[in-house]
Amino acid sequence: MPFEIRNMFNDRIKIKQLLSGTPTGTEVVVMGWVRSFRNNQFIALNDGSTNANIQIVATLGEFDEALLKRVTTGASLKIVGTVVESLGKGQTVEVKAKTLEILGDSDAEKFPLQPKKHSLEFLREKAHLRFRTNTFGSVFRLRHALAFAVHQFYNERGFVYLHTPIITSSDAEGAGEMFKVTTLPLEGAPKNDKGEIDYTQDFFGKGTNLTVSGQLEGELGAMAFSEIYTFGPTFRAENSNTTRHLAEFWMIEPEMAFYDIEDNMNLAEAFIKYLINYALKNNADDIDFLDARLAEEEKQLPTEKRSGLGLREKLELVVNNNFERITYTEAIDILLNSNHYKKKKFQYEVKWGIDLQSEHERYLVEQHFKKPVIVTGYPAAIKAFYMRMNDGCEPGKETVAAMDILAPGIGEIVGGSQREERLDKLEARMKAMHIPLEDMSWYLDTRRFGTVPHAGFGLGFERMIQFVTGMTNIRDVIPFARTPKNCEY
RNA sequence: UCCUCCUUAGCUCAGUUGGUUAGAGCACAUCACUGUUAAUGAUGGGGUCCUCCGUUCAAGUCGGAGAGGGGGAGCCA
């Protein structure tokens, strides 16, 4: 099969394409960054199209010694050469260099990435360079693939991609602490009669924040297009220091008219499986690399801490099996009847009405069912105002049509619900929760004019990437993590 | 925010009961070798022992405070 030379300004061929072909003797132009230079002859060159490097052979004696001295780890090169069968064992094709041009030098003494294993913590501090490592190469190619798959999934189903605002004056969702957005000076901000900051003089004439969710605006779109989704950044000013929280993260929030809670669950399950399937099919190399990497890490762990399941195995298991679906009440029963509970191993109390703690969710997912679990019908008291009250509840045990999807290793990956479409019930709930109705009249209008049953959910994009890549720290699946006390770049 | 562990060379780490000149592997430099795959061999340079305060004849080592990081918890996606 002849190589297809892409007609770019430099007729460059990408390394992924080059490696997928056969040694034909064709002349090619390759560009990339040096990963290693062995034996003063063999350059491992990488251009980010794949983790695999192309071996460039600079035959001894054919190149100036001073030039070869500049072939250091991290330097960028332009190579013109012929594609030949490799005499070595590690690869089938290699490029025998005719000309070798240094595009950018890289001082070997100062370049932080060495041809060796680095800790994730070290690379996190070099986030601007960590893309050039195999691990982060795979992680961020997968991040891209999953983002593309998100759009493809919804586009195939006729959903409209709705851009909900990033700056918002709505503070009703209660999803978390918000970042203030203002142009008022911090020192000497104008005050009103009551001595409070006078936001009428602010840029928007009122107090504004970065969004914590696009859901409420998403519902407005669903009431016209039937099915919409949002996919954008969201912001939480919580002082959370964990491996699964970010101050700035990306969330996918579909919102569907004419869906009930069952339809909602079906869509969420199909969505997650679609994303995993897309990655397995289109990024097999990256999954396999991360699989091997995790297997290596597992070897360092004591036996009882090993998962015993490879990354690929885990993903295939999720794709090929139905998610377990249980009600909150059933979940509490399972916990109460568990040996774990009887041996008093739960730190937090288990009884109907509590919010499930991490340890409870982990028990259900990792010990009891050993696969993703969808929990529905949570107590109304612990859930948001917009969730639909279930009919026929025992007094004092009112539940709402909420659903959380819990995934092994990362906990809650999806949170969603059927929305309360009945105006009287919604208003009653909002009053009970002290949410000012007048500020929310735009939202209540959807229930006043042609209200319909509808539902939706939010999927944390980074948590999904964590699941697919097996990365344990969420800071390693977003290019530039924003966490408390950390906003580099 | 709470609990807990950690911070020694560019990186990963060792450093005994508080005791003389703080070590190793990798990386880097020089030389040798040349079909290597984390190349190999030899030689060499490289240290604010996180910071401050204290205890002591003497602190990388003990105590206190602070900073940064890891893991767990809460909040959540």
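Letters go in sequence order (proteins before strands), and every chain restarts at 1. The structure displayed is predicted, hence computed values, not measured ones.
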Phosphate OP1/OP2 of [N] contacted by [X] side-chain N/O (<4.0 Å):
X	N	value
A:Arg35	B:rU36	no
A:Arg362	B:rA73	yes
A:Arg38	B:rU40	no

What I want to check is whether an N or O donor and acceptor connect the side chain of [X] with the base of [N] at under 3.5 Å.
X	N	result
A:Thr243	B:rG70	no
A:Glu94	B:rG35	yes
A:Ser240	B:rC75	yes
A:Glu121	B:rU7	no
A:Glu238	B:rG74	no
A:His118	B:rC11	no
A:Asn241	B:rU1	yes

Worksheet item: A:Gln114 CD to B:rG46 C1': how many Å, rounded?
Response: 13 Å

Worksheet item: Whole-Å distance between B:rG72 C1' and A:Asn473 CG?
Response: 13 Å

Worksheet entry | No-hydrogen, no-angle side-chain donor-acceptor test under 3.5 Å, A:Gln152 and A:Tyr274 |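 Indeed, the side chains of A:Gln152 and A:Tyr274 share at least one donor-acceptor pair under 3.5 Å.
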
Worksheet entry | Criterion side-chain hydrogen bond (donor to acceptor under 3.5 Å, both in side chains) against A:His454, the qualifying member of A:Glu219, A:Glu420, A:Arg419 |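 For A:His454, the side-chain hydrogen bond (donor to acceptor under 3.5 Å, both in side chains) test succeeds with only one of A:Glu219, A:Glu420, A:Arg419, which is A:Glu219.
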
Worksheet item: Base, sugar-phosphate, or nothing: which does A:Phe249 touch, judged by heavy atoms less than 4.0 Å apart?
Response: base

Worksheet item: For the side chain of A:Ser86, counting heavy atoms from C-beta on, which of B:rC75, B:rG10, B:rU36 is nearest?
Response: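 For A:Ser86, the side-chain atoms sit closest to B:rU36.
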
Could you go through residues 477-485 of chain A and list every donor-acceptor pair under 3.5 Å that involves a side-chain atom there, pairing it with any protein atom two or more places apart or in another chain?
{"residue": "A:Arg482", "atom": "NH1", "partner": "A:Glu488", "partner atom": "O", "Å": "2.9"}
{"residue": "A:Arg482", "atom": "NH2", "partner": "A:Glu488", "partner atom": "O", "Å": "3.3"}
{"residue": "A:Arg482", "atom": "NH2", "partner": "A:Tyr489", "partner atom": "O", "Å": "3.0"}

Item to complete: Check side chain to side chain contact (heavy atoms under 4.5 Å, CB included) between A:Ala44 and all other residues, then give those that pass, not counting sequence neighbours.
Response: A:Arg35, A:Ser36, A:Asn53

